[in-house]
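Reviewing the structure listed below.
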Amino acid sequence: MAVEDFTPGLNFIRTIIEADIKAGKNGGRVHTRFPPEPNGYLHIGHAKSICLNFGLAAEYKGFCNLRFDDTNPGKEDVEYVDSIMADVRWLGFDWQDRLYYASDYFEQLYEFALHLIRSGQAYVCDLTAEQVRQYRGTLTECGINSPCRDRSAEENLDLFQRMRAGEFPDGSYVLRAKIDMASPNLNMRDPVLYRIRRESHHRTGDAWCIYPMYDYTHPISDALEGVTHSICTLEFEDHRPFYDWVLDNLPVPCHPQQIEFARLNLSYTVMSKRKLLELVDKALVHGWDDPRLPTIAALRRRGFTPEAIRNFAELIGVAKRESVVDMALLEHCLREDLNKRAKRVMAVLRPLKVVITNYPEGQVEELDAENNPEDPAAGTRRLPFSRELYIEQEDFREDPPKKFFRLSLGKEIRLKHAYYIRCDEVVKDNNGRITELRCSYDPESRGGWTKDGRKVLGTSHWVSAAQALDVEVRLYDKLLSVANPAGENEEKDFKEYLNPASLEIVKNCKVEPSLAAAKPGDRFQFLRQGYFCVDSDSSPQALVFNRSVTLRDSWAKIEKSQQSK
RNA sequence: UGGGGUGUGGCCAAGCGGUAAGGCAUCGGCCUUUGGAGCCGAGAUUCGUAGGUUCGAAUCCUACCGCCCCAGCCA
């Protein structure tokens, strides 16, 4: 089955939603949200969540909100909110007028806290952070009640209001929910609701010195927005009882259902914000959009299309078991998309000069070349051909192995769209390095075929030397040299697995002249090599291309299996 | 040895009591003016393990095993 024919299967979330709709829950409404914390750049794992949330909303004629979970000012920044919005839009999703910030609810969150205090379900605690931890107990032992647990509502109200008013130093008091210090679920052992922190917030500035915790903020934000299905990752499963506790004990408009799914892991890369941040901070990569990273910004710069990423998100499915998806699937999605739409061009990465000895000196002729065999509507272009050309170094071998269809002494190959050429002589320098090939062409083979039906197996790409453009090409490869560092030696830091060959810069590559007008972001297939896009560092005088993904290379496989024999 | 999850081919993933979808990867073959693309075909007697229920179990029951998450005033 071709991927474009793929119809979304039922995953467990769709199953839940359809059951809810059938049961008439929420009046049949589906309303989701994507709630990033603006403390880093979005990555492909977030893309899975974005596609899920926005996709489900679209599928069931509902809505999906974009909401920034910005309750921890110390880590958050507008740089991140801007990048997140740009990335979600680029992926092709639209939150219309439903852009929210948890910080917009600070006043309501505060009122709800007052409500909990009045109903005796929250109290101000003056234990130190260290004491709170000690009182919490352990995984196997119950916690101990805080001595502040039985403070009167009046006193709690007074203290909490004074917390807000800034009368107490940072960390001196917290507001806690009064639930059960003996609960086997640590999240229910009187979790902290508010902490005092004199930090400037990227939106509310210095208006507040107390900030609500995620666990308290999230369910209320969902309810205030009328969210029906609050989809999050597995590690929040343990938090669900508290999510429900908050909503059950507060006069909120509705009670959304929290549903947890497994986050995406991808082989040969890292996905945690901490690790990504570390790579960027330590300059192990060149910024958040370094094309080796799995961030959305990096994938965009690398040449990925939103379509490829969305298709990928659909293909990987949604489930609750933790898994590591093969990077090959992501690459497959890009190839599949670009195969249909990328213009084919010729580029020689490592040039080997070829002189066509029987071609008239000074003559230049123009050949027709199709732009995309998958899409006749893409039209054709003209290609200059002349006496001096470049072909790829690896397309010539002095000692051709078995099944090597390319050029070697005395052998004939086809130059794509041009002529058959035969290699007559190999020219070397004093060190024995091949510097030039002297070949002859068959004038009868113009266009790449002859009437005699002669079989020519090999077809190489080439460029005409005089008209070629000199460009820089950046060859990207896997970030890590192992598929799953977590499955390796646990003592080792992930940085020890960084692939030293993840970036190879190749200068003085030769590309056909039609590329002169290429603009940053333009995508092409370099014939027989891969898909490339013009990098943001590129300029008309100094073109720079990124390799997005290679083409499948069956010769490489054959050669590899020959060598292993 | 507390609680919450989860185990289906190399990697994902359907399946929800009636006799193992699909995708990626792999391996054959065809085709080819990209060794690209495309096309055709192959692969789990078996669903973590062991018992049990049933005419019939990946699906139900029991026990065991493995892996993940939780002791932030992070999200």
Side-chain angles (χ1 to χ4, degrees), chain A residues 1-3 6-7 9-11 15 35-37 39 69-72 74-75 125 127-129 132-134 136-143 170-176 183-189 191-197 211 213-215 217-218 232-241 260 262 267 273 314-333 335-336 339-340 344 346 370 373-374 403-406 414-418 420 445 447-449 456-461 483 525-530 550-558:
Chain A
M1 180 171 69
V3 177
F6 180 86
T7 41
L10 218 49
N11 57 49
T15 304
E37 182 189 14
N39 69 343
D69 240 316
D70 54 352
T71 57
N72 188 4
K75 291 186 176 175
C125 182
L127 252 28
T128 64
V132 167
R133 189 180 334 132
Q134 285 165 353
R136 184 155 34 226
T138 69
L139 294 178
T140 53
E141 296 165 90
C142 290
D170 287 10
S172 56
Y173 287 99
V174 290
L175 181 72
R176 294 227 254 167
S183 172
N185 181 344
L186 305 218
N187 296 300
M188 298 301 268
R189 319 241 263 227
V192 171
L193 267 25
Y194 271 91
R195 72 285 214 187
I196 302 174
R197 243 180 223 203
Y211 290 97
M213 300 290 287
Y214 164 86
D215 278 333
T217 307
H218 208 83
C232 62
T233 44
L234 249 31
E235 67 270 26
F236 292 104
E237 210 150 18
D238 286 342
H239 298 232
R240 194 169 66 225
E260 311 85 9
S267 60
K273 276 188 181 178
E314 189 58 53
L315 288 178
I316 57 176
V318 183
K320 296 193 71 157
R321 88 178 71 148
E322 295 198 49
S323 59
V324 181
V325 173
D326 196 335
M327 181 63 91
L329 181 60
L330 216 210
E331 296 185 339
H332 161 81
C333 290
R335 287 193 193 101
E336 185 185 53
N339 176 50
K340 291 178 298 193
R344 272 62 169 171
M346 293 202 281
E370 63 188 345
E374 304 292 319
K403 291 187 181 173
F404 186 78
F405 300 161
R406 283 112 99 141
R414 168 171 40 239
L415 293 182
K416 179 79 174 173
H417 303 307
Y420 293 171
S445 63
W449 61 279
V456 174
L457 280 177
T459 302
S460 284
H461 56 279
Q525 183 194 102
F526 286 2
L527 234 53
R528 305 207 301 138
Q529 313 205 73
T550 60
L551 247 31
R552 294 185 66 205
D553 186 351
S554 49
W555 164 243
K557 274 182 202 166
I558 293 169

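It should be emphasised that the depicted structure is a prediction, and the values quoted were computed from it without experimental measurement. The chains referred to below are lettered A, B, ... by the order of the sequence lines, with proteins before strands, and numbering in each begins at 1.
- In this entry U59(B) has no Watson-Crick or G-U wobble partner, no candidate having both defining distances under 3.5 Å.
- In terms of polar N and O atoms assigned as donor or acceptor, the side chain of Q529(A) never comes within less than 3.5 Å of the base of U34(B) in a complementary pairing.
- Within the nucleic acid shown, L415(A) has no heavy atom closer than 4.0 Å to any nucleic acid atom.
- Using the Watson-Crick or G-U wobble rule with both distances under 3.5 Å, U1(B) pairs with nothing in any strand shown.
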> Given Q529(A) and H461(A), is the side-chain contact (heavy atoms from CB on, under 4.5 Å) satisfied, shown in steps?
Replying inline: CA-CA 10 Å; Q529(A) 313 205 73; H461(A) 56 279; 3.4 Å; yes
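- Nucleotides U26(B) and C60(B) place their C1' atoms 37 Å apart, quoted to the nearest Å.
- By the rule that a glycosidic angle within 90° of 0 means syn, G72(B) counts as syn.
- In terms of position on RNA chain B, the residue among V318(A) and S445(A) whose nearest nucleotide sits closer to the 5' end is V318(A).
- The same atom, C1', is picked in C70(B) and in C64(B); the two are 24 Å apart, to the nearest Å.
- In this structure, R176(A) reaches neither bases nor backbone, as no heavy-atom distance under 4.0 Å exists between it and the strands shown.
- Between E141(A) atom CD and U1(B) atom P the separation is 16 Å, expressed in whole Å.
- Under the Watson-Crick or G-U wobble criterion, with both distances below 3.5 Å, C30(B) is paired with G38(B).
- The side chain of R552(A) approaches A37(B) more closely than any other nucleotide in the set C12(B), A37(B), G10(B).
- The same atom, C1', is picked in U32(B) and in C39(B); the two are 11 Å apart, to the nearest Å.
- Checking the phosphate oxygens (OP1, OP2) of U26(B), a side-chain nitrogen or oxygen of K557(A) falls inside 4.0 Å.
- In this structure, the CG atom of L329(A) is 8 Å from the P atom of A25(B), given to the nearest Å.
- A salt bridge is absent between E370(A) and R344(A): the closest approach of a Lys/Arg side-chain nitrogen to an acidic carboxylate oxygen does not fall below 4.0 angstrom.
- Annotation: A75(B) and A63(B) have their C1' atoms spaced 39 Å apart (nearest Å).
- When the C1' atom is compared between C30(B) and A57(B), the two are found 42 Å apart, to the nearest whole Å.
- In terms of polar N and O atoms assigned as donor or acceptor, the side chain of R321(A) comes within less than 3.5 Å of the base of U8(B) in a complementary pairing.
- Salt bridge E260(A)/R240(A): present, at least one basic N to carboxylate O contact under 4.0 Å.
- Nearest-nucleotide mapping onto RNA chain B: of R335(A) and A418(A), the residue sitting toward the 5' end is R335(A).
- Summarising the geometry, the separation between CG on D553(A) and C1' on A25(B) is reported as 16 Å, rounded to the nearest angstrom.
- Among all heavy-atom pairs drawn from N185(A) and D238(A), the shortest one is ND2-O, 2.8 Å.
- Distance alone, capped at 3.5 Å, places no donor-acceptor pair between the S323(A) side chain and the V325(A) backbone.
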> Which nucleotides of nucleotides 68-75 of chain B have their base under 4.0 Å from a protein heavy atom (B), which only their sugar-phosphate (S), and which neither (-), written as one string 5' to 3'?
Replying inline: SBBBSBSB
> Given the rule in the side-chain contact (heavy atoms from CB on, under 4.5 Å) test, do L329(A) and L315(A) qualify, once you have shown the distances and angles that lead to the verdict?
Replying inline: CA-CA 9 Å; L329(A) 181 60; L315(A) 288 178; 4.2 Å; yes
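- Remark: K403(A) NZ to L457(A) CG distance equals 12.0 Å, nearest 0.5 Å.
- Separating the CG atom of L527(A) from the P atom of A37(B) is a distance of 12 Å, rounded to the nearest angstrom.
- Judged by distance alone, with hydrogens and angles left aside, E374(A) brings a side-chain donor or acceptor within reach of the base of G36(B), the pair sitting under 3.5 Å.
- Nucleotides A25(B) and C67(B), compared at atom P, are 31 Å apart to the nearest Å.
- With both ends at atom C1', the span from A21(B) to A37(B) equals 26 Å, rounded to whole Å.
- Using a 4.0 Å heavy-atom cutoff across all strands shown, Y420(A) reaches no nucleic acid atom at all.
- No contact: H461(A) has no heavy atom under 4.0 Å from any strand.
- When Watson-Crick and G-U wobble pairs are counted only if both distances are under 3.5 Å, G66(B) pairs with U6(B).
- Rounding to whole angstrom units, CD of residue E370(A) and P of A37(B) are separated by 16 Å.
- In this structure, CG of D326(A) is placed 15 Å from P of G9(B), rounded to the nearest angstrom.
- Considering CG of N339(A) and CD of E374(A), their distance stands at 4.0 Å, rounded to 0.5 Å.
- For the residue pair N72(A) and R197(A), the shortest heavy atom distance occurs at OD1-NH1, 2.8 Å.
- Comparing A20(B) with C24(B), their P atoms sit 23 Å apart, to the nearest whole Å.
- Atom pair L315(A):CG and A25(B):P shows a separation of 11 Å (rounding to whole Å applied).
- Between E336(A) atom CD and A25(B) atom C1' there is a gap of 15 Å when expressed in whole angstrom units.
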> Hey, mind stepping through W555(A) and F404(A) against side-chain contact (heavy atoms from CB on, under 4.5 Å) and telling me if it holds?
Replying inline: CA-CA 8 Å; W555(A) 164 243; F404(A) 186 78; 3.6 Å; yes
